[in-house]
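Take a look at the structure below.
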Amino acid sequence: MKLKSCNFIDCNLEEADFTEYNLAEANFDRAVLNRTVFFHTNLEQADFSTAIGYEIDPRHNSLRKA
């Protein structure tokens, strides 16, 4: 799924599954990401600076400039 440049501001995304999504340039401002799955996900230039509760494995996701 393509959600490039999407804004997830003040969202509760607990247990969401973003497997094989394109989330390049997405904004996760103050998002809650507990137990959220990122696998084979494009997260290049995504902003997680104020997000909480996330774990992202850099071996299985694209994280350039995130």
Side-chain angles (χ1 to χ4, degrees):
M1 179 165 287
K2 297 177 185 177
L3 294 175
K4 185 176 179 181
S5 300
C6 192
N7 289 310
F8 297 100
I9 299 171
D10 291 318
C11 289
N12 182 344
L13 298 168
E14 291 182 291
E15 299 184 16
D17 187 344
F18 290 115
T19 298
E20 297 185 4
Y21 275 57
N22 180 357
L23 293 170
E25 301 173 17
N27 180 8
F28 291 91
D29 193 21
R30 297 179 307 273
V32 178
L33 301 167
N34 298 323
R35 296 175 305 283
T36 297
V37 176
F38 296 98
F39 187 72
H40 291 167
T41 304
N42 181 357
L43 296 166
E44 294 179 6
Q45 298 182 3
D47 184 358
F48 291 94
S49 59
T50 59
I52 61 170
Y54 61 92
E55 293 182 27
I56 301 170
D57 189 336
R59 296 172 296 173
H60 301 291
N61 297 284
S62 223
L63 293 167
R64 190 166 308 175
K65 297 184 182 180

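Here, residue 1 is the first one in the sequence, and each next residue gets the next number.
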Nearest non-hydrogen partners of Leu13 and Ala31, listed with the distance: CD1-CB, 4.4 Å
First locate atom OG1 of Thr36, then atom CD of Glu55, and finally report the distance between them rounded to the nearest 0.5 Å. 10.0 Å
Please answer whether the main-chain N or O of Phe39 pairs with a side-chain N or O of Asn61 as donor and acceptor at a distance below 3.5 Å. yes
Report the distance from atom CD of Glu25 to atom NZ of Lys4, rounding to the nearest 0.5 Å. 4.5 Å
Tell me yes or no: between the side chains of Ser62 and Asn42, is some donor less than 3.5 Å from an acceptor? no
Pairwise distance CD(Gln45) to CZ(Arg64) - rounded to 0.5 angstrom: 10.0 Å
Under the rule for side chain to side chain donor-acceptor pair (under 3.5 Å), what residues qualify as partners of Arg30, not counting sequence neighbours? Asp10
Hey, is the main chain of Ile9 close enough, under 3.5 Å, to the side chain of Asn7 for a donor-acceptor pair? no
Should the pair Phe38 and Phe48 be assigned to parallel (<30°), tilted (30 to 60°) or perpendicular (>60°) ring geometry? perpendicular
Using the rule that two of Ile, Leu, Val, Met, Phe, Trp, Tyr join whenever any of their side-chain heavy atoms come within less than 4.5 Å, decide whether Val32 and Phe28 are in one cluster. no
Side chain to side chain donor-acceptor pair (under 3.5 Å) partners of Glu15, counting only residues at least two apart: Arg35
Write down the atom of Thr41, the atom of Phe18, and the distance for their closest heavy-atom approach. OG1-O, 2.5 Å
Hey, what do you get for CG (Asn34) to CD (Glu14), rounding to the nearest 0.5 Å? 4.5 Å
